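Heads up: the structure comes next, in structure tokens.
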Amino acid sequence: GNVDKLEATREAMSGNFILAIIITYLLLTTLFQHWGYPLIIILSVPMATVGGVFGLWIINRFVVQQLDVLTMLGFVILIGVVVNNAILIIYQALNNLRHYRMPAQDAILESVRTRIRPIFMSSFTSIFGLMPLVTIPGAGSEIYRGIGGVILFGLFFSTIFTLILIPCLLNFSMSDKKVPPPRF
């Protein structure tokens, strides 16, 4: 009976993961009033998922960590956490285009230059805050080690690849397009 309940929970969690991606995309589409920029932001989620799976693989090298409900919940939480870095880069690039009338490539480079410190500060704060949960054994740590490992490694991978991939995709999508001035 417990195996059937676990399978039903896994199916529900996979549906929740897809639903979280769709809701995040729709919220970002409303925020940016464009369908392409949120798609670029959502591309940071697969990188985070790869990092989360790699994190589980690393943890399983030292202790056995099951893919339980809390660990699967870590993947859903990861969606909301990792898109913040890409939002910072794209929002600042669009701000540079609209308000300072910079060329697209200069606006992207300037947005990465000005936003790299807040990205590193927020990411490393979360990563170093999750490290004791993942690395230090103790009473109850086996319950939360999976969710901590997924978020820790997912955020780390996503941060590294976001700083490389998002500006490249943004440069490819803008390619010297004129962005209209902001509407108030």
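In this text, all values refer to a predicted model and were calculated from it rather than measured experimentally.
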Problem set entry | Minimal non-hydrogen separation, Ala107 against Asn96, with atom names | O-ND2, 3.2 Å
Seminar exercise, completed: Met121 and Thr125 have their tightest heavy-atom pair at O-OG1, 2.5 Å
Exercise. Quick one: which of Leu70, Val69, Val64 gives a side chain to side chain contact (heavy atoms under 4.5 Å, CB included) with Gln66?
Worked result: Val64
Exercise. Nearest 0.5 Å, what's the CG-OG distance between Leu155 and Ser126?
Worked result: 5.5 Å
Exercise. Would you find a donor on one side and an acceptor on the other, under 3.5 Å apart, between the side chain of Tyr25 and the backbone of Ile41?
Worked result: no
Exercise. Taking side chain as C-beta onward, heavy atoms only, is Val45 less than 4.5 Å from Phe17?
Worked result: yes
Exercise. Leu163 and Ile119: side-chain contact (heavy atoms from CB on, under 4.5 Å), yes or no, with the steps?
Worked result: CA-CA 9 Å; Leu163 291 173; Ile119 288 172; 4.0 Å; yes
Exercise. Between Val83 and Gly80, which heavy-atom pair has the shortest distance, and what is it?
Worked result: CG2-O, 3.7 Å
Exercise. Going from CG on Leu169 to CD1 on Ile90, what distance comes out if it is rounded to the nearest 0.5 angstrom?
Worked result: 8.5 Å
Exercise. If every non-hydrogen atom of Ala20 is compared with every non-hydrogen atom of Thr24, which pair is closest and at what distance?
Worked result: O-OG1, 2.7 Å
Problem set entry | Linked, directly or transitively: Ile23 and Val81 (ILVMFWY side chains, under 4.5 Å) | no
Exercise. Roughly how far apart are Leu152 CG and Ile58 CD1, rounded to 0.5 Å?
Worked result: 11.0 Å
For this session: Kindly state each residue pair satisfying salt bridge (Lys or Arg N to Asp or Glu O under 4.0 Å) with at least one member in residues 107-129, sequence neighbours excluded.
Result: Glu110-Arg113
Exercise. Is the CZ atom of Phe157 crowded by more than 12 outside heavy atoms at less than 6.0 Å?
Worked result: yes
Exercise. Would Ile40 end up clustered with Trp35 when hydrophobic side chains under 4.5 Å apart are linked, directly or stepwise?
Worked result: yes
For this session: Indicate the ring-plane relationship of Phe120 and Phe124, choosing parallel, tilted or perpendicular according to the 30° and 60° boundaries.
Result: parallel
Exercise. Is the shortest heavy-atom distance from the side chain of Met47 to the side chain of Leu165 under 4.5 Å?
Worked result: yes
Exercise. Does atom OH of Tyr144 have more than 12 heavy-atom neighbours, drawn from other residues, nucleotides or ligands, at distances under 6.0 Å?
Worked result: no
For this session: Under the side-chain contact (heavy atoms from CB on, under 4.5 Å) rule, what do Asn85 and Ser44 come out as? Steps first, then yes or no, please.
Result: CA-CA 9 Å; Asn85 297 337; Ser44 63; over 6 Å; no
For this session: Could you tell me whether a side-chain N or O of Ser111 sits under 3.5 Å from a main-chain N or O of Ile108, the two making a donor and an acceptor?
Result: yes
Problem set entry | Working for side-chain contact (heavy atoms from CB on, under 4.5 Å), residues Val53 and Phe75 | CA-CA 9 Å; Val53 170; Phe75 286 104; 4.1 Å; yes
Problem set entry | Common cluster, Ile87/Leu27, ILVMFWY with side-chain heavy-atom separation under 4.5 Å | no
Problem set entry | More than 12 heavy atoms of other groups within 6.0 Å of Glu142 CD | yes
For this session: May I ask you to decide if Gln65's main-chain N or O and Asn60's side chain share a donor-acceptor pair within less than 3.5 Å?
Result: yes
Exercise. Are the side chain of Asn95 and the backbone of Tyr91 linked by a donor-acceptor contact shorter than 3.5 Å?
Worked result: no
Seminar exercise, completed: To the nearest 0.5 Å, atom OG1 of Thr29 lies from atom NE2 of His34 at 10.0 Å
Seminar exercise, completed: When every non-hydrogen atom of Val134 is compared with those of Gly148, the smallest separation belongs to CG2-C, 3.4 Å
For this session: Take Val150 and Thr71 through the side-chain contact (heavy atoms from CB on, under 4.5 Å) test and state the conclusion after the steps.
Result: CA-CA 7 Å; Val150 166; Thr71 305; 3.7 Å; yes
Seminar exercise, completed: For Pro167 and Thr162 the tightest heavy-atom approach is CD-O, 3.2 Å
Problem set entry | Within one Ile-Leu-Val-Met-Phe-Trp-Tyr cluster: Val82 and Met131, side-chain cutoff 4.5 Å | yes
Exercise. Side chains of Leu94 and Tyr37: closer than 4.5 Å at any heavy-atom pair?
Worked result: yes
Exercise. Can you tell me how far CD1 of Ile127 sits from CG of Leu130, rounded to the nearest 0.5 angstrom?
Worked result: 8.5 Å
For this session: Please answer: with hydrophobic residues joined when any side-chain heavy atoms are less than 4.5 Å apart, are Met174 and Leu109 in the same cluster?
Result: no
For this session: Output the distance between atom CG (Leu88) and atom CD1 (Ile116), rounded to the nearest 0.5 Å.
Result: 12.0 Å
